[in-house]
Structures are given as structure tokens and as C-alpha cells.
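Nothing fancy with the numbering, it's 1 onward along the sequence. Just the heavy atoms: all of them, side chains too, but no hydrogens, waters or symmetry mates, feed the values below.
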Amino acid sequence: MKDDFCYFENRACKYYPCHKGSDSINCMFCFCPFYTFAKCPGNPVYIVRNGTKIKKCTGCLFPHLKENYSKIISLLKTHPVAEQIPKDYVHGGESTVRIKYDFSVNVNPLGMPYKIVAAIKRYAKKSWAYPERNSLSLKNALAAKKGLGEKNIIIGNGASDLITLLARWLCKCKKQRTLLLAPTFTGYERALLGCGLYIKYYDLKKEDEFALTHDFVPSITDDLDAIFLCNPNNPTSALVEEKLLKEIIEVCDTKGILVVIDECFMDFVAGKNNASAIKHFAEHKNLVVLNAFTKIFSMAGLRLGYALSPDTDLISQLEFLQSEWNVSSLAQKSGLLALKGEKYLEKTSLLIERERRFLESELSAMGITVYPSDANFILLETKKNVCRELIKVGILVRDCSDFKNLGANFIRIAIQTRRKNKILLSALKKVLNEND
């Protein structure tokens with residue numbers, strides 16, 4: 001095993017690495033199931049490595065001894081892998097207080113296209129009928145749009161549904177070891193840990209403005225099974241540089257590692273066609289690209305996403321694991337209409353570009369640290385935690401304190417219309433000037 005995962009191995013065990021010849025020790029526990037637990041029944045020693053406190057278990061035989069097996073099973077039933085999982089996952093837009101202006105959710109500020117709203121009203125009368133199995137019509141329309149085959153596409157109940165589906169597939173195939181960026185969208189972590197998979201984290205650096213650099217490549221080790229990348233990343237809004245993305249895909253292909261690239265915010269990016277990983281499908285089969293109608297068409301409540309891959313066998317296996325009727329007929333019809341919304345996308349792109357420049361200039365002038373943005377949201381670092389004070393005046397921003405490597409002074413704001421952006425700027429200025 002590579003060093004990144006060697007903490008699980010008990011190399012002090014006299015039978016390591018193989019327990020042949022012993023009827024008193026069970027090798028299924030060579031990798032301790034309690035390593036990630038905050039409290040474990042063994043006797044670990046804590047050491048500091050690269051500035052991080054880690055658990056060193058080389059002097060512990062607890063999980064190996066037969067007399068402890070019943071206690072181990074009992075503890076695992078009481079404390080499953082969930083000890084790895086943070087207790088609270090929050091999502092933008094979730095609030096129990098009355099909000100006038102929601103800057104926490106990164107949906108299109110233009111709102112759902114009128115044609116889709118009108119169509120939903122019409123189609124609602126036919127909701128007594130089952131939706132189309134496997135969303136075949138929408139698949140065919142997407143295939144034509146993306147220059148792919150129908151067998152290269154799977155439709156899901158939003159991107160989160162497909163992320164969970166991928167985690168289930170990895171678990172089923174016994175592909176256990178995954179790599180995530182930190183910070184990134186917490187939905188990957190939740191899905192992977194929920195399926196009992198191991199996660200290795202790569203820390204994005206503040207000095208690099210939380211952008212992915214070529215330093216990431218050496219962290220792609222042979223023992224990995226999958227990498228999840230958000231491009232542009234959430235909550236940083238940073239796009240992966242094109243040359244680096246190609247190198248990551250090539251290295252992973254050589255090592256047999258699946259690369260899952262979440263492009264849910266790609267439609268907000270200028271020059272998106274050049275940035276998408278779909279162009280690498282012809283040369284590399286180890287790719288899955290996720291996208292959704294949720295954000296760009298302001299359809300978060302309808303739930304509609306899709307995954308693309310050059311590996312048709314993988315798509316077929318994912319569909320086998322998928323629940324029946326997972327996409328509603330209203331979402332299917334809305335998706336077909338959305339694919340015809342080129343003018344709406346052009347209008348969106350112009351608005352986002354204009355308002356991003358406006359916000360970046362105004363926020364910087366207020367002394368707020370503004371991290372470079374390529375999408376429809378901006379990561380900010382303020383001098384103090386502003387979330388609660390903004391809620392008092394009916395404004396909700398995304399508190400980023402639950403993202404790895406970010407703290408209470410980091411917030412994410414969605415780019416809105418000029419009128420709403422001015423309201424946010426005014427409120428922020430007032431909050432930051434109080435008690436200064």
C-alpha cells in the first residue's frame with residue numbers, strides 16, 4: 001500500500017503482512033476499522049506529521065485478536081463508518097428564518113425561462129402518467145447536442161443523485177479509495193463516506209488562491225480508484241487550467257483511475273466549450289462528466305441532471321443500479337425545452353460577466369479579499385464573520401465554515417442582478433463598519 005493509507009496497517013503485528021499459519025488471528029482486520037473513529041478501543045499513539053496530528057497504531061493488536069471479535073462487531077454496529085462523516089451538512093438556501101434576498105444558492109439570477117414555467121403548468125395535468133423510462137427522449141436530444149451516442153448518457157434526479165449513484169457503483173465494484181480536493185463541494189464526501197469508501201484529501205492552498213496547481217499531480221497515486229473534481233470548483237469558483245486537466249486525465253488513465261468531473265457550473269463560464277472535459281472522450285475512456293439543468297436554468301426544485309462518459313459499459317452498469325422512474329415527467333419535458341434555450345444562455349453569460357466585474361471591484365474597495373471567479377459565484381474572505389448580521393436584515397449568504405480549509409470568515413455569494421447586488425453591498429458595508 002502507498003504511504004497515504006499505511007496508517008491503517010498494523011506493521012508491528014508479528015504476522016504482518018500475512019497471517020498464514022495462525023489460527024488465533026484473523027487477517028480480515030489487518031486494516032483496522034476503527035482508525036477513523038474519534039475514540040477507538042485500542043491503544044493508539046498520536047504523532048505529528050507535516051504539521052498534522054495523526055493516529056499511529058503500530059503498537060496495537062486489538063482488532064487482530066480473536067477474543068475481541070465480538071466487541072468489534074458490536075462497536076461497528078453501533079458506530080458505523082458514520083464517525084467519519086461530519087455531523088452537519090448544510091446547503092445554500094436552507095434556512096429557518098425569513099429571507100428576502102438569497103445569495104447562498106448559485107442558480108441563474110434570470111430565473112427559470114418563461115417557456116419552461118408555462119410548459120410545467122400544461123404538463124402538470126398529465127402527471128397521472130408514469131414518466132418515460134430512462135428519459136430516452138431527453139437522452140437522444142442531449143446526445144445530438146453533445147455529439148455523443150445515447151448510450152454515453154445517463155439522466156438523474158439532479159447531479160447529487162448521480163454522485164450518490166457513482167459512489168454506490170464504486171462500492172459495488174470494491175473500488176474503495178478516492179481522492180477529493182479540500183475545499184470542494186461537500187456532496188462528494190457525503191456520498192462516498194455514506195457508501196463506506198475511504199477518502200484522501202488534497203489541500204488547496206490559500207497562497208495559490210485555492211486554485212488547483214501542478215503540485216496536485218504527484219498526489220495521484222497507484223492505489224487510488226477514483227478522483228472527484230469540481231470544475232469550476234465549488235466554493236472557490238476557480239476553473240482548472242486546461243493543460244493541467246489534460247495531464248490529470250492522462251495520468252489517471254495510465255494508472256486505471258476513474259476521473260469524475262463535475263461541470264455543473266460550466267455553462268456560466270465564458271468559453272465553456274474549450275474548458276469542458278468532453279473533448280477528451282475520444283482519447284480517454286476513464287472519464288465521467290456530470291452536469292445539471294439545476295443551476296443554469298434555475299430548476300433546483302425540479303431536479304434534473306445527467307452524466308456523460310465514453311465508457312458505455314459504465315453507463316449501463318450505473319443505469320442498472322438506478323431506481324425506476326427516478327426522473328419526473330415534468331423534469332423530462334423541462335429538460336427538452338431547456339436544450340433549446342441558446343438565447344437564454346447568451347443573456348445569462350453577459351449578465352454574469354458584467355455583474356462579476358462590478359462586484360469584484362466594489363468588494364475589493366471595501367477591503368474584502370476577493371478570490372478569482374470563473375463562474376456565477378464568488379468566494380470572499382471578510383475581516384469578521386458577517387453571516388448572522390446579514391441574516392438579521394434578511395440576506396442569506398453561504399457560510400463556508402463547514403468546508404475543509406476554510407473558516408468562519410469565508411463566505412460565498414451568488415452573482416445576482418444589479419439591484420440585488422447593490423443591496424448586498426450596502427448591507428455588507430454597514431456590517432463591516434459596525435464596531436470598527
Side-chain angles (χ1 to χ4, degrees), residues 5 33 35-38 76 78-96 104-107 154 156-204 210 224-237 257-265 288-292 294-295 300-301 303-307 318 321-323 326-327 377 379 398-408 410-412:
F5 297 108
Y35 179 78
T36 59
F37 285 22
L76 287 174
T78 310
H79 303 286
V81 185
E83 277 226 15
Q84 268 189 286
I85 303 176
K87 288 184 173 62
D88 295 310
Y89 280 96
V90 298
H91 184 274
E94 293 180 345
S95 178
T96 57
S104 71
V105 182
N106 304 324
V107 296
I154 181 172
N157 185 30
S160 293
D161 173 45
L162 295 164
I163 292 165
T164 302
L165 191 65
L166 281 161
R168 287 181 60 203
W169 177 82
L170 288 168
C171 183
K172 181 177 180 290
C173 297
K174 302 190 185 305
K175 297 177 181 289
Q176 296 290 318
R177 307 193 184 280
T178 61
L179 177 62
L180 294 181
L181 303 183
T184 195
F185 175 52
T186 55
Y188 314 133
E189 183 183 60
R190 185 173 192 169
L192 295 171
L193 293 180
C195 289
L197 306 181
Y198 296 119
I199 298 175
K200 183 172 74 171
Y201 296 93
Y202 176 83
D203 292 334
L204 298 174
F210 299 109
L224 290 171
D225 295 305
I227 292 176
F228 282 71
L229 295 176
C230 191
N231 190 34
N233 194 20
N234 179 12
T236 66
S237 197
I257 299 168
L258 180 70
V259 185
V260 180
I261 303 177
D262 182 347
E263 296 186 355
C264 282
F265 296 103
V288 174
V289 171
L290 298 171
N291 209 328
T294 303
K295 303 295 192 300
R303 313 303 305 145
L304 184 63
Y306 56 94
L318 290 172
L321 293 175
Q322 202 171 38
S323 60
N326 67 310
V327 177
F377 54 95
L379 180 66
R398 178 62 160 91
D399 181 347
C400 291
S401 59
D402 67 314
F403 285 100
K404 292 184 184 297
N405 292 337
L406 300 182
F410 284 87
I411 62 171
R412 188 195 69 199

Taking all non-hydrogen atoms of both residues, which atom of Arg303 and which atom of Thr294 are closest, and how far apart? NH1-CG2, 3.6 Å
Gap separating the CZ atom of Arg177 from the CG atom of Leu224, nearest 0.5 angstrom: 9.0 Å
Holding to side-chain contact (heavy atoms from CB on, under 4.5 Å), I want the full list of residues that pass it with Ala167, two or more places apart in sequence or in another chain. Ala191, Leu192, Cys195
Please step through side-chain contact (heavy atoms from CB on, under 4.5 Å) for the pair Phe210 and Phe403, ending with a clear verdict. CA-CA 12 Å; Phe210 299 109; Phe403 285 100; over 6 Å; no
Find the distance between CZ (Phe185) and OG1 (Thr236) and round it off to the nearest 0.5 Å. 13.5 Å
Is any side-chain heavy atom of Asn106 closer than 4.5 Å to a side-chain heavy atom of Arg398? no
List the steps, then state whether side-chain contact (heavy atoms from CB on, under 4.5 Å) holds for Leu258 with Lys175. CA-CA 10 Å; Leu258 180 70; Lys175 297 177 181 289; over 6 Å; no
Could you give the distance from CD1 (Ile163) to SG (Cys230), rounded to the nearest 0.5 Å? 8.0 Å
Begin from the C-alpha positions of Leu204 and Asn233 and carry the test side-chain contact (heavy atoms from CB on, under 4.5 Å) through to its verdict. CA-CA 11 Å; Leu204 298 174; Asn233 194 20; 3.6 Å; yes
Set of residues satisfying ring pair (Phe, Tyr, Trp, His ring centres under 6.0 Å) with respect to Tyr306, sequence neighbours excluded: Phe293
Leu379 and Leu406, any side-chain heavy atoms less than 4.5 Å apart: yes
To the nearest 0.5 Å, what is the distance between OG1 (Thr178) and CG (Leu166)? 11.5 Å
Sequence neighbours excluded, which residues qualify as side-chain hydrogen bond (donor to acceptor under 3.5 Å, both in side chains) partners of Gln176? none
Kindly compute the distance separating CG (Leu180) from CG (Asp203), expressed to the nearest 0.5 Å. 11.5 Å
Sub-3.5 Å donor-acceptor pair from the side chain of Asn405 to the main-chain atoms of Ala182, do we have one? yes
Sorted by chain and number, sequence neighbours left out, side-chain contact (heavy atoms from CB on, under 4.5 Å) with Ser237 holds for Ser373, Ala375, Phe377
Which word best sums up how the rings of Tyr188 and Phe228 line up, parallel for under 30°, tilted for 30 to 60°, or perpendicular for over 60°? tilted
Output for pair (Ile227 CD1, Leu179 CG), nearest 0.5 Å, gives 5.0 Å
Results of side-chain contact (heavy atoms from CB on, under 4.5 Å) for Ala307 - residues two or more places apart only: Ile154, Leu162, Val288, Leu290
Between Gln322 and Asp161, what is the shortest heavy-atom contact and its length? NE2-OD2, 4.2 Å
Taking only residues two or more places apart in sequence, or in another chain, which ones meet Asn234 in a side-chain hydrogen bond (donor to acceptor under 3.5 Å, both in side chains)? Arg412
